[in-house]
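What follows is a single structure, written as structure tokens, with notes after it.
Just the heavy atoms: all of them, side chains too, but no hydrogens, waters or symmetry mates, feed the values below. To find a chain, count down the sequence lines: A is the first, B the second, and so on, and within it residues start at 1.
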Amino acid sequence: MKPKIAFFDFTGCEGCQLDALNLDGDEILALLGAVDIVNFREVMTERKDNYDIAFIEGSITRQSEIARLQKIRERAKVLVALGACACIGGINCLKNHVPMEEALRAVYGEAAQYYDTIPARPADAVVPVDYYVRGCPPVHSELAKVIKALLVGRKPDIPNYPVCVECKMAGNICVFERGMYCLGPVTRAGCGAICVTSGRVCWGCRGLVDDPNLNSQKDILKKYGLTPDQIIEKFKIYDTCTEVIK
Amino acid sequence: MMENTVLIVDDEAIVRESIGDWLKDAGYGVATAESGEEALELIAKRDFSVMVLDIRLPGLTGLSVLKEVKAQRPWIQSIIITAYPSEETTAEAKKLGAIDYLIKPLAPDDLEQLIRETIDSMGREPTVKAVTEVMPKPAVEKVIEVGKSFVLTRDSLRLLVEGLAGEMEVVGVKSRQGKYVFDTLDSFDELCLDYDVTVMPPTKYLLPAKDTLFRFTVGYDSKVIPVVEAVPRALVGVHPYDIKAIELLDVAFLSTNTDPNYNARRQKTVIIGVDCLHPSPNSFSPSMGTRLADTGFDLLLTDIGGEFMVEIGSERGAELLSRYAEVRQPSGDEIARQKAVRDEALSRYQLSLDVPKEQLPKLLEEGYDDPYWETKSESCLSCGSCVMVCPTCFCFDVEDELALDLRGGERFRRSDGCVLVDFARVATGENFRYDRASRLRHRILRKGKYIMERYGKVGCVGCGRCVTACLADIASPLEAFNAIAESARAKEAAARLVREAKAETELYTPHLAQLVKVTSLTAAEKMFEFRFKDGSELGHRPGQFVEVSILGLGEAPISISSSPTRNGSFQLAVRNVGNVTRRLHTMKKGAYVGIRGPFGNGFPLDDLEGKDVLLIAGGIGLFPLRSLIQYILNRRESFGRVILLFGARSPAERLFVDELDAWRQRPDVEFYETVDRGDQDWKGNVGVITTLIPGITIDPKNTMAAVVGPPIMYRFVIGELKKKDLADENIILSLERRMKCGVGKCGHCQINGVYVCLEGPVFTLDRLRHLREAV
Amino acid sequence: MTKVNINVHQLTRVEGHGNIVLNARDGRIEELRWEVTESPRFFEVMMRGRYYEDVPHIASRICGICSIAHSTASIQATEAAFRISPSEQTLLLRKLLYNAEILESHVLHVLFLAAPDFLGVGSVFPLVETHKDVVLLALRLKRLAYNLAEVLAGRKTHPISCVVGGFAKLPGWSELEALRQRLEDARADFDTVVDLVKTLKIPDFVRETEYISLQDRKEYAYISGHIASSDAGLTPVEKYLEVTNEFCVPHSTAKYTRNQRDSYMVGALARFNNNHEQLSPRAQKVAEEIGLSAPCHNPFMITVAQLVESVDVVEDSISIIDRILSRGLQEEENTVRVRAGRGIGAVEAPRGILFHDYTYDMNGILLKANCIIPTNQNHNNIQNDMEVLVPQILSRPEDEIRQTLEMLVRAYDPCISCSAHFLNVSIRK
């Protein structure tokens, strides 16, 4: 019996789901052979609710989304948070730093009364989540790894060490030595340090490792020239819903 | 009229034959030699008019032969032939008296005409000096040999590198974004030989970040295919400290449990080193004795200003050098210049050890509890940068990856480091090095003490990369290094090690074993009986463990629960805690798993013989102890009293219930049992296992105790045993750590400097007293 | 009494959340609405206060399909504010990266989102059994676009290497050569697609409206030029507000726009209508073959126009790679001098013209942002199309009406989650 999977999107850019279609053609066919996709609004008309595994993309930013997610959790045996928004809240959380009424008024003016919005939060702030596929967007190999793990009944091997390990493995020269600032030392690896390898820095989109040494990271950013305000601004982009900012 | 005889000296048979035939047709006598040495031998015996000489010869070069011939038989005229003309060699040859220089391929009549003209202008009789001295035959010495140094011009170095590029991948030091890296050279001009340090060490070519061990298919006809791949490669521009690092890796990966993947790469790697003349400000290699290298390379270059001194470090280096490049003997000035250049470089180092490195192991041991570890590690990010850039770090983790079709996949290893949080964590969640201070200490002690004690090589080569890479500035091992003992034996041993390393592919490959019986013991524990597919015996000692593979999920270390005296099959008792064991618990008779091992040391059976044995098992500690118990009971007459103590948490968690009863019934066994908590049916002892000990009398002089159980139990049991005056060396414990490779390489099971998979898991208490991390 | 009640909740095979509501009784329409119900994203609030280096990073995440469009618009707006002129090499690379976006988005829409309607299936997945080669072809084309973006910017979704002032890392030479070969091979694949599309029956519906897009004398415009209106001619990009005139409606969380008429259309058909003469000969031939000629007023033909554009960007990409291979690639120094100022970046996202309007302070911190999204600009047009189309088809079976309305909305290839984050503009009462 092939497991039935479904994709649901909440508040997000839908890049994570659509990026899944960018897996290698052979891999997609192998995947389609291994599972039954019963609900994927973005690419399918048929929608059924008898799914075993639900992939959740996007964060929760409206009251109505809470109930919707809870219902999905009831139906699904396994719930997987897909992408930074679902795993850690994502960039949607940047709006949390402005009081809700002010944000609504700034954007909608008098029409604000028609729209509800609550501080953005990740899926696990609302329901228990079984697995996480992190990143903005996640790398294909990790999505494939989690799917394979679900299919054979094992825990996927997701790193709990910082991006620095993979950055060095890729042969990169540390960006701190080139005058830039990076959250790699406290961000969870698994992406192959793609952003540094592509010439930029790590923004922290995969979230913090389990036990980050945040004080040390802040000291280092300060040592290399950032002010405390600038340091907090750096963390705000993806780590708003973590202990750094709270 | 004496026949004119021409000597043709060329290592290519086709050249000798074709020129020879032509000249014979033209009426000349012809002799041939295929090497310089042979030519000189012939000349010593007979005379020739003309010598046609190839410049490029194996062994003695053409120019050397020319020189020699001019010295012995000055009347022999020489014509040089070559396929690789260069201005230098032409000038040199002319200086040495060659008549002319012809380029291959030759037009034979050109050659013949030249010979004729030469002979005509010569006259018939050999021209000899008035005083005829019979020159003694000079010793034909092999000029380019190990240990010797020569001068190599930059052009010649270019020829060498380009020549190598024709037969292997050439990796050299290049500049990138203001730093230096090792990377494939696209042209000789990219090569930087005057650099301070590379960002990543060249060791990554011997131990790549990801290294496939084998590929497998799962299912009905599951197969395992080891992957041992290596491409021929030259590393050009390796500094001496990195050369020393590679010597360490050679010992770690080749001397015991030869690693097939490392071996394959090492055999195909040519190391061309270069002296470091402008060190990084973070480097302290002089303190570590790694500033200069006299072993571990095939060739070593020193820039003496415009030209290089090249030292031959191996036969292979000698062979490659003479094949592709021209060298000359150094003058006295040049030898002095090399020394001067090296001495000048020494003055550029800014950092050094404050104590002789010889004192470090002892200092580190005494400093085990120093507040330094705690303070320094406060800002440690556990980011892994220090281990990733370190040339002497080689710990790795092993993972299985399935393809999406779930039909097959690969098992690979990837770089890992002891400073990372989960390095020493086991499936139950216990982490044996969970705080940063202990991880920092372990790394430094490894660099300064454990590696030296285990491998006899320096553990930190003073390259300074970790000092640069550490954002928190806490990684420098400057106070924790070890001395290297240099001796002729050590030099020869190092070279011999690589030469003689055996090619083997089976180290990481599991063997198929079939499950023949499954017995449930408790809710979470089962016993599995296996038989090898090929019928072989496991051949283990009680106390050893195996690595059980379920392809696609991974490998888990499991103690062997049956005695080796049981033939045909072996038993593993397993608790369901992780990926592999969880799957194992669903397997039925007839299924296959992979088995590697047996690993570890096992119980010291010789020491136990003839003694009274007191065996204490707490909970699943009975799994490995059962192997010993069965063994002892099978040879009961070889032992004195046999006292068995077993403690379970509750009656429902008692293991091997039938066997417990059988042991209880035996008149030659004193069996006592207890449970932590009873239930309404339980009529036996209630209390922790230590409560059983006071009631037993033993003769401490003649008793050995073996204790296996959860870590918490050890301290208390040992306390009780010490009250009975049992000496440390008579108390045996079995310790658990995270065993992964089983062969003392991946690093995960270390307790201080000891590998549990090699020197354990069985230890006597006196041994453990010296291992601070142990209990 | 015949009743028609259609309530399509969260329309499938479009990006984002929208509903179609139609209630009619006895041939009289009581309610007809295209509703946008996407959660408001608040990007203007998110970007305010950020340093310029992080602004394109955030802007990219407005949308997962057209992240390169948002990224490029953001970069160009910032460059305009800082008065930075990118080098010729940067412009070539940027255009090539942009082509990857157009190609991927159009392939996704034409073959994965729209095509199933025409082939009578709910999605591409059942086609794996019956038309495996076509599915593999579609995946192959999508992956080509993906790899092209990967080589230029590290990845397609939320590109990394494109930065204000240039590129943080240059593409590899051999990778470019390999891609060029694959682009050439793609021509045959597109021939197959064109043959397939020729056999499909496109609904025949015509409603003329105003067509707005970028227009550039030098080339078929995607990331340069002025605003062109089929009614009103050219307007400089800086004066975009005069063209867009955003307003709110109560049943939608997205804002609407209008210019000369009650609504206007942006997107592939608008571009085609305005700029079709600048297409490559190969693309023009394809348009002719499938029966697309300018001016075309049938919104269902947007999908066909996208196919024509896909063929065109393949040709353009080959020619850009040839230029790069002949002039070589140089590491260029990129020092960005921040300054206070306002800049507008206008690009043609796959779905239509997109504006990013930024104001920075003298330290390079973003003070204010305004983004006008293409789909916003189409919402009003969709509503007006429905109001003309429904009376024409009201007598048909309810299922057919629903299917046709869904196909109409899908034809616009709406990107709804982009459109639902917006900014300070006037409100229609």
With chain A, the option among B/G417, B/C380, B/G578 that has the most non-hydrogen atom pairs under 4.5 Å is B/C380
Counting a contact as any heavy-atom pair under 4.5 Å apart, which residues of residues 190-197 of chain A contact chain B?
-> none
Option that, when pairs with chain A are counted at under 4.5 Å, heavy atom only, ranks first among B/D416, B/D422, B/D183 | B/D422
Please flag which part of B/E378 lies under 4.5 Å from any non-hydrogen atom of chain A: side chain, backbone, both or neither.
-> backbone
Considering only heavy atoms and a distance below 4.5 Å, find which of B/S415, B/A209, B/C383, B/A472 pairs most often with chain A.
-> B/C383
CG-CG distance between B/D435 and A/D211, expressed to the nearest 0.5 angstrom | 11.0 Å
With a 4.5 angstrom heavy-atom cut-off, which part of B/L420 approaches chain A: side chain, backbone, both or neither?
-> side chain
Measure B/L471 against the heavy atoms of chain A and call it side chain, backbone, both or neither at under 4.5 Å.
-> both
Would you mind reporting whether A/R154 and B/V580 have side-chain heavy atoms less than 4.5 Å apart?
-> no
Is it true that B/E399 and A/K145 have a side-chain N and a carboxylate O under 4.0 angstrom from each other?
-> yes
What residues of residues 215-231 of chain A sit under 4.5 Å from chain B when you count only heavy atoms?
-> A/S216, A/Q217, A/I220, A/K223, A/Y224
Atom group of A/N172 that falls short of 4.5 Å from chain B, counting heavy atoms = backbone
Greatest number of heavy atom pairs closer than 4.5 Å to chain A - which of B/K204, B/R436, B/E401, B/R414 | B/R436
Just wondering, more than 12 heavy atoms not from A/E177 lying within 6.0 Å of its CD?
-> yes
When the 4.5 angstrom heavy-atom criterion is applied to A/V186 and chain B, the contacting part is side chain
